[in-house]
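For reference, the structure is listed below as structure tokens.
The chain is numbered in sequence order, starting from 1.
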Amino acid sequence: MKTTADIRQAFLDFFAEREHRVVASSSLVPANDPTLLFTNAGMNQFKDVFLGSEKRAYTRAASSQRCVRAGGKHNDLENVGYTARHHTFFEMLGNFSFGDYFKKEAIEFAWGFLTGTCGLPPEKLWVTVYADDDEAAEIWLNHIGVEPERLSRIGDKPGKRYESDNFWAMGETGPCGPCTEIFYDHGPEIPGGPPGTPEEDGDRYIEVWNLVFMQFDRSADGTLHPLPAPCVDTGMGLERLAAILQGVHSNYQIDVFEHLITAAARLTGATDRDAPSLKVIADHIRACAFLIADGVLPANDGRGYVLRRIIRRAIRHGYKLGCEDLFFCKMVGPLAEVMGEAYPELARQRDDVAAVLEREERRFGETLDQGMKLLEQAIAGLEDAVIPGSVAFKLYDTFGFPIDLTRDIARERELEVDEAGFEQAMEAQRERARAAGQFGGGDAMPADLAAELPATDFLGYTQHFAERAELLAILVDGRPVECLEAGQEATLILDRTPFYAESGGQVGDTGVLTAGGLRFRVADTRKLAGVYHGHIGRLETGELARGQALAAQIDADRRADIVRHHSATHLMHSALRTVLGEHVQQKGSLVAPDRLRFDFSHHEPLSDEQIAEIERMVNAQIQANAEAEERQMAYDQAIAAGALAFFGDKYGDEVRVLRFGDFSTELCGGTHVDRMGDIGLFKIIGETGISAGVRRIEAVAGRVAVDWLQSLDRSVREVSGRLKASPEQMAERIEQLLDRSRQLEKELERLKGKLASAAGSDLAGQAVDVAGVKLISAHLDGADPNGLRETVDQLKNKLGSGVIVLGTATDSGVRLVAGVTQDLTGKVKAGEVVNFVAAQVGGKGGGRPDFAQAGGSDAAALPDALASVRGWLQEQL
């Protein structure tokens, strides 16, 4: 095994030969998990399986999961580039047992792979177990034959029971259990002692593999209850294993990083191959490229903000190497060369990923120089070794410098950052970030209930009505109850149902469940634990008990509107990719009875011509009236056949493929029309941008589209009637009215000028002498800003020399202007006098020495404020 790719494949092959299902890496954006910012461990995609709320067709699995740790609780960002093994992006190899094998087999598999397949000498491996886990210790010592001196027991943290490096827990309560870890000894020439010793922080003994034995359920009082079906969750860093097998100590010396560092050195012109900045760039391109490929785009909050931080940190390190040209976006190609085969989605999106990075690189490049100048000035003026929090905040707020970037630079200069000051200044933004960081998850399902119930049999692809369905469970506030009375709200789970549960953007069905005099109104249907349809609503009449037989009837007219919009979404998606390019990817959707909403990746607004072409293409397919073809096939087979997978959806091993002629083929579990002609009509009613690189289209289909067009037609005819023109003549008539309006505006401005001249003549006679300077301080009713300015100019011309202050009261407050002739600006400044008056009416302003303006809020104080100018001017002179 010479390459990282070889090692990855050998691991998967090893476990496939031992009856494990090889599962593809899930997205870096966790599906239906509100607790995670990014996928950060191999077990994330199996979390619901471990909790017992999701069932899989297999009990053994293996995967190579791509992970990111650069935000939230798990954040390695600041260590990247400064250590041998910290990364923002890494791959975690893992094997999993869901109630199948346990400690003995898991340990045998790990030892067999490392010493057999990988050929590692047993004497180079060190093992740790949890202090009380005699079972694991016995397996290692007596079954595997590990020498006692190479096994350490790791105990609890002082005063904290079951809190240990070798005791894993999913949370304060829930599944937990002991771990056993395998370490590799890099040799006595490297400082550090064995795990569990005072010298363990050295780099000699490196953790390779962690085997977690989930055998307990921890209750709120801390009591451990044995799980009925113990599970195994393991994790091994691919990069760490590659370093060992390739005979190097640092992860940054393995083949993947050697390739990326070589590319980074070439693109930046760096000559020192050991420069930490090259490691930063090589690491960060992996995180950034895969995040973008998984649908994350740079933004100012949430996941997008973390991505932007990583990108900007990489760019700054390029500048540190002396490169001020575009370089980071050009790293996508070298990355695809070494990882594109294992992750085809990266190879497919190579150009699109590079385009996103180029836009971000150009944007940050425009402000980086200015930000660095500000920081250099601040550092030069420091009286101590601390960069003020106000400077760090200004760098963030004005120039887009994430705080960790400022912290990086400070560390290089042996300085610190006033973190408390920065946090205080950032509080408003942090509140917004918290709000944006609340990632929505799925509905809860009690694990014990899920363990005993069969998955819901969905009939809704072909039926709107089920004559008999058994009520398996009643949930009130998330907990099961035996019965329900009229007036109560609950979630009902049936063994079979025609009700579609909200998924893939399609809203859930509504309708009724009935039996005799019983009537339950279903207001929504949602997925529970991925396999149950939860009918959410209220019991209107009768009494309901678990085990009862019910008739289930959906709102068929509402469903018909939904399926028209859903099928239209598929056609529109295909049309978008044809008109705009294959870089278009879905970023979110809503399929409702009254409209469809579709978010997609694209860098600029759509033109009227493009929108018209998309509409034409979709309606042409509707008129062609091809039949909708549905097939079940393996996920990999479907993707290989060219089916599109929607962003954010969670797919199983077997997928439903929906095909509309030769125009659209997508993976979709939603409900659809039988033929394209059933959609009837398609019309785009809105297109806008919602974030950098993401556009949104709203559209209507079927009878909703007809209603929309008829409403538009009524509005057009109403407007045409008022214009006294036919609909075809409306544009010409409106243009005539606009021309007339512009002429009237010009005439109005001319008349205002005359009024200002007249007002100036009247006010000129009101000038008073203040220490030899003429002063006019007056109130003008109803004057707009232009009128005030023109009146000041008129008065300057008439007085020849003097000071003018004019004010007017408006609906929103006070408007002030001040003028000073050029001969007096050395003695009196217009900005000073206007601010003197503005302060008295609750406002402020400014301007040139010869002219200034201001606003205020207290109109009642205006007369006295204007009268006070005379005394103020007397003091100035």
Side-chain angles (χ1 to χ4, degrees), residues 557-558 560-580 584 589-600 602 604-626 660 663-664 673 675-690 695-752 784 786:
D557 289 340
R558 181 177 181 272
D561 287 331
I562 292 170
V563 300
R564 292 186 190 104
H565 284 109
H566 201 159
S567 298
T569 300
H570 283 228
L571 298 182
M572 185 183 71
H573 191 187
S574 182
L576 281 166
R577 289 171 64 88
T578 301
V579 173
L580 304 180
V584 169
S589 71
L590 170 69
V591 178
D594 61 336
R595 72 193 192 283
L596 69 86
R597 187 182 71 217
F598 190 80
D599 300 339
F600 60 97
H602 190 57
E604 62 185 3
L606 273 64
S607 67
D608 291 342
E609 293 76 13
Q610 288 172 327
I611 290 175
E613 178 63 12
I614 292 164
E615 288 181 339
R616 187 199 65 75
M617 294 180 69
V618 173
N619 283 304
Q621 293 300 318
I622 292 172
Q623 292 159 18
N625 198 26
F660 288 109
F663 191 70
S664 169
V673 298
R675 304 188 72 92
M676 286 194 284
D678 296 342
I679 297 171
L681 179 67
F682 171 79
K683 177 64 181 173
I684 293 174
I685 62 174
E687 190 273 339
T688 186
I690 59 171
R695 309 296 300 175
R696 169 173 290 173
I697 279 181
E698 293 194 75
V700 287
R703 64 177 182 175
V704 183
V706 173
D707 291 344
W708 188 89
L709 288 172
Q710 288 180 336
S711 176
L712 179 64
D713 182 64
R714 285 192 297 270
S715 298
V716 168
R717 293 188 179 279
E718 181 181 347
V719 173
S720 69
R722 294 189 179 188
L723 292 173
K724 295 181 173 57
S726 67
E728 295 78 10
Q729 297 170 330
M730 280 175 55
E732 181 182 352
R733 180 63 176 144
I734 290 171
E735 187 60 38
Q736 292 172 355
L737 291 174
L738 289 174
D739 286 341
R740 179 60 178 156
S741 176
R742 285 189 285 267
Q743 291 172 6
L744 291 173
E745 287 176 358
K746 289 180 181 178
E747 180 64 17
L748 181 60
E749 289 299 316
R750 188 180 66 80
L751 291 173
K752 284 180 178 180
D784 63 10
N786 286 334

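Expressed to the nearest 0.5 Å, how far CD1 of Ile562 lies from CG of Asp594 amounts to 9.5 Å. Here Ile622 contributes atom CD1 and Met676 contributes atom CE; the two are 8.5 Å apart, rounded to the nearest 0.5 Å. Atoms CZ and CG, from Arg595 and Leu590 in turn, are 5.0 Å apart once rounded to the nearest 0.5 Å. Here the CD1-CD distance, from Ile614 to Glu609, works out to 11.5 Å after rounding to the nearest 0.5 Å. His573 NE2 to Thr578 OG1: the interatomic distance, rounded to the nearest 0.5 Å, is 10.0 Å. Interatomic distance, CG of Asn786 versus CG of Leu748, reported as 10.0 Å (0.5 Å rounding).
Residue Ile697 forms a side chain to side chain contact (heavy atoms under 4.5 Å, CB included) with just one option from Thr688, Ile611, Leu606, and that option is Leu606.
Checked against side-chain hydrogen bond (donor to acceptor under 3.5 Å, both in side chains), Glu732 has no partners two or more places apart in sequence or in another chain. Take Arg675 and apply the salt bridge (Lys or Arg N to Asp or Glu O under 4.0 Å) test, not counting sequence neighbours, and it matches no residue. Under the rule for a side-chain hydrogen bond (donor to acceptor under 3.5 Å, both in side chains), Gln743 has no partner lying at least two apart in sequence or in another chain. Listed by chain and number, the residues in a side-chain hydrogen bond (donor to acceptor under 3.5 Å, both in side chains) with Arg717 are Asp713 (sequence neighbours excluded). Legend: residues meeting side-chain hydrogen bond (donor to acceptor under 3.5 Å, both in side chains) with Ser720, ordered by chain and number and at least two apart, are absent.
The nearest pair of heavy atoms linking Leu571 to Phe663 is O-CE2, 3.3 Å. Heavy atoms only, all atoms of each residue included: Val579 and Glu613 are closest at CG2-CG, 3.7 Å. Among all heavy-atom pairs drawn from Pro727 and Val716, the shortest one is CB-CG1, 4.0 Å. Closest non-hydrogen pair, Pro605 versus Gln610, comes out as O-OE1, 4.2 Å. Across Leu723 and Arg733, no two heavy atoms sit closer than the pair O-NE, 3.3 Å.
For His565 (side chain) and Ala592 (main-chain N/O), a donor-acceptor pair under 3.5 Å exists by modelled atom type. Remark: side-chain polar atoms of Ser741 are not paired, donor with acceptor, to backbone N or O of Leu737 under 3.5 angstrom. A donor-acceptor pair is defined here as one N or O able to donate and one able to accept, closer than 3.5 Å; no such pair exists between the side chain of Ser664 and the backbone of Ser574.
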For a side-chain contact (heavy atoms from CB on, under 4.5 Å) check, start with the C-alpha distance between Val618 and Ile679, then their side-chain angles and the critical distance, and finish with the verdict. CA-CA 10 Å; Val618 173; Ile679 297 171; over 6 Å; no
For Met572 and Leu596, what are the C-alpha separation, side-chain angles and deciding distance, and is it a side-chain contact (heavy atoms from CB on, under 4.5 Å)? CA-CA 10 Å; Met572 185 183 71; Leu596 69 86; 3.7 Å; yes
What verdict does the side-chain contact (heavy atoms from CB on, under 4.5 Å) test give for Ile684 and Phe598, after you've listed the backbone C-alpha separation in whole Å, the side-chain angles of each residue and the deciding distance to 0.1 Å? CA-CA 11 Å; Ile684 293 174; Phe598 190 80; over 6 Å; no
Identify each donor-acceptor pair in which a side-chain atom of residues 699-706 lies under 3.5 Å from a protein atom, sequence neighbours left out, and give them as a table.
| residue | atom | partner | partner atom | Å |
| --- | --- | --- | --- | --- |
| Arg703 | NE | Asp561 | OD1 | 2.9 |
| Arg703 | NE | Asp561 | OD2 | 3.0 |
| Arg703 | NH2 | Asp561 | OD2 | 2.7 |

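Salt-bridge annotation for Glu718 and Arg722: present, with a side-chain N of the basic residue lying under 4.0 Å from a carboxylate O of the acidic one. With respect to the salt-bridge test (charged N to carboxylate O, under 4.0 angstrom), the residues Arg742 and Glu735 qualify.
Residues Val563 and Asp678 are not in side-chain contact: their nearest non-hydrogen atoms beyond the backbone lie 4.5 Å or more apart.
Ring pair His570/Phe660 is perpendicular by interplanar angle, where above 60° counts as perpendicular and below 30° as parallel.
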